[in-house]
Amino acid sequence: MSQTPLNGSSTPASELPKAYRPAEHETRIIGRWDAAKAFHADPSRVVRREAKPFCIFIPPPNVTAALHLGHALNNTLQDVLARAHRMMGDETLWLPGTDHAGIATQAVVEKRLLQEEGKRRHDYDRDEFVAKVQAFKDEYEATITAQLKEMGCSCDWDRQRFTMDEQCAAAVREAFFQLFKDGLIYRGKRLVNWDPVLQTAVADDECYDEEIEGHFYYLRYPLVHAGSRDPAVKPSDGSAKGSVDPMPVTWDELAARGYPGAQEHDSEQEAWITVATTRPETYLGDTAVAINPHDPRAKPLRGLFVELPLVGRVIPVIEDAYVVLPERYARTEEERNDPKSAMATGFLKVTPAHDPNDYEIGQRHGLPMVNMMSPDGKVSDGHGMDSIGDAKVLVGKTMAEARKMVVKEFEARGLFEGAKPHRHSVKHSDRSKAVIEPYLSDQWFVKVTDERLAGSANAALVESQRTTKQQSSKAASAQGAGDGSLAFHPPRYAKTYEQWHTNIRDWCISRQLWWGHRIPVWTREYTLSGENPANKLPIGSAHAIDGDWSLSGAIHLVERTCEDKYREVVCPPALIPSPSPHDLPFPVVKFNESGKHAFIARNQSDLVRELEQEGFTQDPDVLDTWFSSALWPLSTLGWPNPAAFNAESNSNLLKVFNPSSVLCTAREIITLWVSRMVMFNRYFTGEGQGRGNVPFRDVFIHAMIQDGEGRKMSKSLGNGVDPRDIISSHGADAMRFTLCQMTTQTQDVRMPVARDETTGKNTSPKFDLGRNFCNKLWNAARFTLGILARNPSPVSNAPVQAKDLSLVDRWMLSRLTSSVAKIDACVTNYEYSDYAETVYRLLWWDFCDWYLEAIKPTIDASPAQRAVLAHALETIVRVLHPIAPFITEAIWEQLKDVETAPVHGVHLGPSRTGGLLCTAGWPRLDAALIDPDAESAFERLRTLISAVREVRSQHQVPPKRRITLHANDAVRSLTTRAPGLVESLAGVESIVFDAAQTASSRNSGAARAAFVFEGAELALSNLADAVDASAERDRVTKRIADLEKSERTIDGRLSNPGYMAKAPAKLVEESRAQLAQIRDELATLRKRMGELG
RNA sequence: GGGCGGGUAGCUCAGUUGGCCAGAGCGUUCGCUUUACACGCGAAGGGUCCGGGGUUCGAGUCCCCGCCUGCCCA
């Protein structure tokens, strides 16, 4: 390694190129970090109490695509914290990894296969298809890892994980097992968002709403008295036996019941009601018609039914307040203004198996659920709809076809009342763009509504961020380890988090995909007839049974699905491979009838083989991606058995780094991921009580990057900026600096996007800020190193003392000290923009603009000043390292070997690994170096220099021309504190202390330019052969106008009795002094005007 | 519908518990090959702090109403 010419190396400073060229350093430095394993965390140091732990889990990027600018921001912010804490001496683990992103990745691969090979998923068997996705994942995982390294991320690469690798998979199986065992996972029929193209349930966040031009269709349902044909429906008189056909209801009869408007119809005719619907085809699944109880027609209809045309199903009319009242029956302004009331008839067809609101109504009224659709989105009588009657013609049609046919059939029977255009939003699938069908199906759920999960998540919030306090003293007394230890930054996001858990619903975790963690449940179905113990089970209920599998630690249930059919369910605990034969995992052991071991499973594949031999098959579904992501802070550290996955020295990993320090993420992730990590982490570390550790103590929510118009960056808009393009055009450090500088506490940041004419790639002018800054640093370092190289200092251990230093040196040390203190606070408080801004000002404004310029005349003669110079640059380089790791490391390669005397009070610890800055100590500067006297004197000198420069500029004095400053005694005592400073920085040849005379004995006004400094008139001469009197007049006139305006403001304030009476005395005093100074200056300037004529 | 943001210079944004003549970077204008840096140096111009009320001696900042705009949840 060390043979590489560039490695570690020492190009003499004089030969450093004029501009910083990132590409010449970044690869080499990544190589040095890698070779030194500089980012590998050692938990044993924490165990031995040699260091405090600092840990961040990367939000694992999806393997779906390369990283975008949002990732660049997210990871930069994490890296800044990791690097700062590492330098501060904390044992720092930033754990990297990627997420398998189930549906997203599968969809991308399916699309790719279709494009490239013209094949679909089902053209392969499951294993073949998964292998294709795996290959895709390998490709993108490699890309992502390379990108993170290019950005400079200081991750512990030896501990990189993937949510589907063996270690994470074991955690998933174990978590599922435990939750299932504890009754927090169940299977149930639920209405899900069904994507009929991908044929899977999708989560709400995998859908988007889109407005479509649809219709409200008006369908008539004939009113009947129920017969007894339908066993689910009791005859209305309650007496009739046998089969009785439903009897039509006439308008006459309705009129008698007091139904408003019934008289307007032919009295003998059969009566109907009219429902309004946007989806007529779902009438096949109707199980009731609902009316608002406040509708005057509700009472007359009580006890009546309707008969569904074609289907012949007789369903009740029920009353439910959810139903929108039609305009004419609206009772309040609010009801009238409901846009739906104009379209409403007051009758709502209720289809619990195909509409979420109807599902709720169905739950409230105990309605049966009739599913009329097959998983591919076609009308079916094989999925729960048995009584179908003449509607058989619709079977096999798509929902769209069925809609047209239903309308025709109703028309043919005179039951179609019409349709009105209606714009409404319809859910679509993100991945397939298909219209989502609410669909009733068997799904697995996590009962997150349980107090041990959602309740525990809210209890984790720090007291100051909670809006609901502990409800009961009982809860308060059962304080868990992580209670009150989770804090959001900025705090407002705690509310999002809290409200999410307050309104949370059970979490559907099954996905009908092939890519993901397969649900670790095996089932076997069989038929049993005749007398046996199992047929005492109520139909539909599941019971734990004792048997081989339960004896071996698995969950074993038997469920009676109908009269003589049973389903056995087995969920085994995770079998975790162990590298050590002495540390075997808990095995699944089965016994045969004679009590001998018939089978021992020590790994997952043995177990699966055994189950399959016994006729069990694994559930085909996979788990929602977030299930494995929710375990990330546990699975990455080896939970449930860290020893099995880590070398002996690392078995403390889980203990040391969970809870971690902070999670950095975007706000949309709060509900998707943060919540679930907290619930799972607390549950699994809390021994089933849900009150264990939080996975992280702080959650930092950063902004989302938008383009210049405030739109999200996206592929389809073509407004995205690729971090790789920025790294190649500006360098990783420039990108990182800019991203940090943009990170304020707001929730969005805008990044104007521009096309680079030469490359044709998107970029943003914002990154020039970072590039310019890096270049500035590079040149400051080049200059400094040049000075130090040409003045080798004799090695001396005698520290330079501040009291022996010049004013500018003391000023510089003071500025460094307060800046480092500010930066320390920024790191603690996640104030990235302030951090970047503080280093920017320190380097550019203080160090470059003033300090370097100020020391030019003296530096070669002063070893003490060179010590300050070296320490100043090194302090800046060190505090900048977390933001800009490459350029600082590159500069430090040269700087670290430069010998100067120590500076008393400046502590720069050595590198701990590989001679690298990334593990060198964080600068500590003693507070005693803060020197208010030096700062204020220097500030006055800066003001004086600026005043001179201003006059020079206005008089168009050539920069090279040396001029004369006519000053007074006050200035004399100031300038003698920093000899040569004003001369050097203001281009002054000599300072003459004759300002007092000038005013009285002036006869050559035109040759001089006067200006005011601290209220007194000073002058410049020798500006040119003659001073331009009119330029001088313009300047003075403008200044007078400005001052007069200020005078009015401050005078007004001081003549306000309220101000004088109530404002703090200090402010009043300041105002007085200010006014006096303004008036002094005004007097001087007016006199000057007089002289100018 | 509920919740959370944002609106300050041409652009992107700071602006702390109300208190100096409201700031920075970019862009603009003028002057500079001043030997670390033109990715630079020096200087300048540029603001109805979204609108309207209110509290206060004093409001960009606090309160109320409105307008525009973005996000999250249902």
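A, B, ... follow the sequence lines: proteins, then strands. Residue 1 opens every chain.
Nucleotide B:C41 has B:G31 as its partner under the Watson-Crick or G-U criteria, with both atom distances under 3.5 Å. Base pairing of B:G70 is made with B:C4, judged by Watson-Crick or G-U wobble geometry with both donor-acceptor distances under 3.5 Å. Under the Watson-Crick and G-U wobble criteria, each requiring two contacts below 3.5 Å, nucleotide B:U61 is left unpaired. Summarising the base pairing, B:U55 is matched to no nucleotide, lacking a Watson-Crick or G-U wobble pair whose two defining distances lie under 3.5 Å. Pairing of B:U17, defined by two Watson-Crick or G-U wobble distances under 3.5 Å, is not identified with any nucleotide.
As rounded to the nearest Å, B:U48 and B:A44 have C1' atoms that lie 24 Å from one another. Taking atom P on both B:C13 and B:G18, the two are 26 Å apart, rounded to the nearest angstrom. On the P atoms, B:U61 is 14 Å away from B:U8, given to the nearest whole Å. Comparing B:C65 with B:G23, their C1' atoms sit 31 Å apart, to the nearest whole Å. As rounded to the nearest Å, B:G60 and B:C21 have C1' atoms that lie 15 Å from one another. Spacing of P atoms, B:G15 relative to B:G40, comes out at 26 Å, to the nearest Å. For the P atoms, the distance from B:G27 to B:C39 is 10 Å, rounded to whole Å. B:C62 and B:U16 have their C1' atoms separated by 15 Å, with the value rounded to a whole Å.
Electrostatic pairing of A:Asp834 and A:Arg841 does not count as a salt bridge here, judged by no charged N lying under 4.0 Å from a carboxylate O. Of the charged side-chain nitrogens involved, at least one lies within less than 4.0 Å of a carboxylate oxygen, so that A:Arg942 and A:Glu939 count as a salt-bridged pair. Electrostatic pairing of A:Glu26 and A:Arg736 does not count as a salt bridge here, judged by no charged N lying under 4.0 Å from a carboxylate O.
Using a 4.0 Å heavy-atom criterion, one finds that A:Asp768 contacts no nucleic acid atom at all. In this structure, A:Arg667 reaches the sugar-phosphate backbone alone: every heavy-atom distance under 4.0 Å involves primed, P, OP1 or OP2 atoms, never a base. Heavy atoms of A:Asp834 sit nowhere under 4.0 angstrom from any nucleic acid atom. Residue-level contact check: A:Cys848 touches the bases, meaning some heavy atom is under 4.0 Å from a base atom. Residue contacts for A:Tyr840: at a heavy-atom cut-off of 4.0 Å it reaches the sugar-phosphate backbone alone, with no base atom in range. Within 4.0 Å of A:Pro959, counting heavy atoms only, lies at least one base atom of the nucleic acid.
Judged by distance alone, with hydrogens and angles left aside, A:Lys495 brings no side-chain donor or acceptor close enough to the base of B:C4 to form a pair under 3.5 Å. At a cut-off of 3.5 angstrom, counting only N and O atoms as typed in the model, there is a donor on one side and an acceptor on the other between the side-chain of A:Glu853 and the base of B:A36.
Going from atom CH2 of A:Trp845 over to atom C1' of B:G23 covers 8 Å, rounded to whole Å. B:C37 atom C1' lies 10 Å from atom CZ of A:Phe783, rounded to whole Å. To the nearest angstrom, P of B:G31 lies 17 Å from NZ of A:Lys960. A straight line from CD of A:Glu950 to C1' of B:G45 spans 13 Å, rounded to a whole angstrom. Regarding A:Gln499, its CD atom lies at a distance of 16 Å from the P atom of B:C72, rounded to whole Å. The nearest whole Å value for the distance from the CG atom in A:Leu777 to the P atom in B:A36 is 17 Å. If you measure from atom CD of A:Glu837 to atom P of B:G23, you get 15 Å, rounded to the nearest angstrom. Atoms CD1 (A:Ile504) and P (B:G2) sit 22 Å apart, rounded to a whole Å.
Distances shown here put a side-chain N or O of A:Thr744 below 4.0 Å from the OP1 or OP2 atom of B:A14. At B:G40, one or more side-chain N or O atoms of A:Asn772 fall inside 4.0 Å of OP1 or OP2 (strictly under the cut-off). Between A:Lys856 and B:U34, a side-chain N or O to OP1/OP2 separation shorter than 4.0 Å is absent. Listed pair A:Lys766 / B:C11 fails the phosphate criterion, with no side-chain N or O lying under 4.0 Å from OP1 or OP2.
Where A:Gln956 and A:Asn779 each meet RNA chain B at their nearest nucleotide, the meeting point lying more 5' is that of A:Gln956. Comparing A:Gln954 and A:Phe773 against RNA chain B, the residue whose closest nucleotide sits nearer the 5' end is A:Phe773.
When each of A:Leu842, A:Ile823, A:Thr888, A:Ile891 is checked for a side chain to side chain contact (heavy atoms under 4.5 Å, CB included) with A:Leu880, only A:Thr888 meets the rule.
Of the candidates B:A36, B:A38, B:C4, B:C4 carries the atom nearest the A:Arg492 side chain, counting heavy atoms from C-beta on.
A parallel orientation is assigned to the rings of A:Phe773 and A:Phe737, their planes being inclined by less than 30° (bins at 30° and 60°).
Side-chain atoms of A:Thr671 and A:Trp500 form no donor-acceptor pair, as typed in the model, at a separation below 3.5 Å.
Remark: side-chain polar atoms of A:Gln706 are not paired, donor with acceptor, to backbone N or O of A:Asp748 under 3.5 angstrom. At distances below 3.5 Å, at least one donor-acceptor pair connects side-chain atoms of A:Asn74 with backbone N or O atoms of A:Cys664.
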